[in-house]
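Every heavy atom of this structure was used, including side-chain atoms; hydrogens, water molecules and symmetry mates were not.
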Amino acid sequence: MNYASTRNSSLKVTSAHAIVKGLSDEGGLYVPESIPKLSKEEILGLCDKSYVERAYTVFSKFLTDFTPEELRHCVESAYNDKNFDTNNIAEITKLNGGKYILELWHGPTCAFKDMALQILPYLLTTSAKKTVDGKHIAILVATSGDTGKAALEGFKDVAGTSISVFYPEDGVSPMQKRQMTTQEGKNVNVCAVKGNFDDCQNGVKAIFTDKSIEDKLAANNVLLSSANSINWGRLAPQIIYYVSTYAQLVKNKEIEYGDKVNIVVPTGNFGNILAAYYAKLMGIPVNKLICASNSNNVLTDFINTGVYDRNRHFYTTISPSMDILISSNLERLLYHLTDENDKLINEWFGALKTSGKYEVNDEVKNKLSELFYAGCCNDDETKAEIRKTFEEEHYLLDTHSAVAVKVYDDYKAKTGDDTKTIIASTANPYKFGRAVYDAVNGGKQPDDEFELISLLEKETDTKMPVPLAATKNKAVRFTGVVDKQDMGKVVLDFLNK
């Protein structure tokens, strides 16, 4: 299995090369040259397997330059009870109305990014030995809140690597910020950026394509890589939990093999729902992929109209991990939907860079409407959904998962579709304690974050996860704030280059 660039389909590299590089030289994203299939027998065979075995099966189809021993080392090192608070890794909670909440937040940072970022260091170091053995790997990350902490936790003190994380100064929750700025580890650096997530993301991409920075680092035996979902090593692990969940629902006799399911994903950067699309292409019976957005509804408008236009007001919302106007992984989807037409991809994303807008052709519009449904909701509707779900089901949603539930309820009311539905729950509610408490109580809030969390625990009869509680007594290590044009200097200074 080789990988091509979305902006140069003639380029062919191994998965190890794609994982180490992260982004191709001309700025394209690596995609598999074909999507491997899972047969009926293989899917049924996964029903009685552990998450580790399911992960091994999926990875073995995509990472064909890894030996079986290397793959087993990666999956067994990542998916275990040391890193996750449940043996199942991804838990499923059944709600009324055919809804299955896929809890992807049982890892060390209480967000779905752990599902990929606990294994990425193993994939990356294994890949580096195959391709650039001896080089120091400098990881760059732009985060809207969750990726940063998950990447820091995954890469802290990993030999031969260092990691720099950039987050929007006022665009993450207090708990997300505390998680990042108190991060331990000798090889980590965290810096706030004056601007929003798109400024952070564009800044990281600019560093990747800056020849002067590349040359300076190369002279010191340093290679840049990414832990964002632009890296195939970040995206591939996300396919697994959709495959695993389908197998688990069959095992639990909630569905029979062949029954289609809907999958609802709250998303800003499109990586999480793209992974569900790949699972569908692999053979998981999926009826509709439902893309849920907050007030930054650029994806909703795009899927409904075929016009992508980031020239709009940017909202800072209570679901900050979705406060994104440039969805990087959409490029991968469009590459597939255009039958790998890199000329069109270059044209569209060139227009996005210069004018902030592009429109896909009618063929792609038709494919989008066939595959996807898209909806959005605002902060008030998100809070109302948190309150409603808690009152009716005594289940506490975070501010992102609530967006997904609200958009799904709207979809069901509009279409009458009663297909059983998997809803990706992307974070523990205590990562967004203020908004969640406001949703279920609405009373005056104390200034102290942990005092507020104590009130939320009493109000809901739930408990804050241990990893979040542990941040209370940790010292803040990182206080830097920079303009986006100075991000490259921050990286070079950290690496002493």
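The ring of H17 has its center no closer than 6.0 angstrom to the ring center of Y3.
F270 pairs by the ring pair (Phe, Tyr, Trp, His ring centres under 6.0 Å) definition with F372, not counting sequence neighbours. Applying the ring pair (Phe, Tyr, Trp, His ring centres under 6.0 Å) rule to H336 yields the partners Y278; only residues at least two apart in sequence or on another chain are considered. Not counting sequence neighbours, the partners of K211 by the salt bridge (Lys or Arg N to Asp or Glu O under 4.0 Å) test are D215. In this structure, the salt bridge (Lys or Arg N to Asp or Glu O under 4.0 Å) partners of E331, at least two apart in sequence or on a different chain, are R7. S10 is linked by a side-chain hydrogen bond (donor to acceptor under 3.5 Å, both in side chains) to N8, counting only residues two or more places apart in sequence or in another chain. Looking at residues two or more places apart in sequence or on another chain, you find no side-chain hydrogen bond (donor to acceptor under 3.5 Å, both in side chains) involving T245. For K463, the salt bridge (Lys or Arg N to Asp or Glu O under 4.0 Å) partners are E457, not counting sequence neighbours. Taking the ring pair (Phe, Tyr, Trp, His ring centres under 6.0 Å) definition, one finds that F349 meets it with Y358, sequence neighbours left out.
Sorted by first and then second residue, the pairs that involve residues 149-161 and meet salt bridge (charged side-chain N to carboxylate O under 4.0 Å, His left out), not counting sequence neighbours, are K149-E153, E153-K156. The stretch residues 26-39 participates, sequence neighbours left out, in no salt bridge (charged side-chain N to carboxylate O under 4.0 Å, His left out) pair at all. Residue pairs meeting the salt bridge (charged side-chain N to carboxylate O under 4.0 Å, His left out) criterion with at least one member in residues 66-78, sequence neighbours excluded, are E53-R72, E70-K130. Among residues at least two apart or in separate chains, ring pair (Phe, Tyr, Trp, His ring centres under 6.0 Å) pairs with a member in residues 52-74 are F62-W232, H73-Y122.
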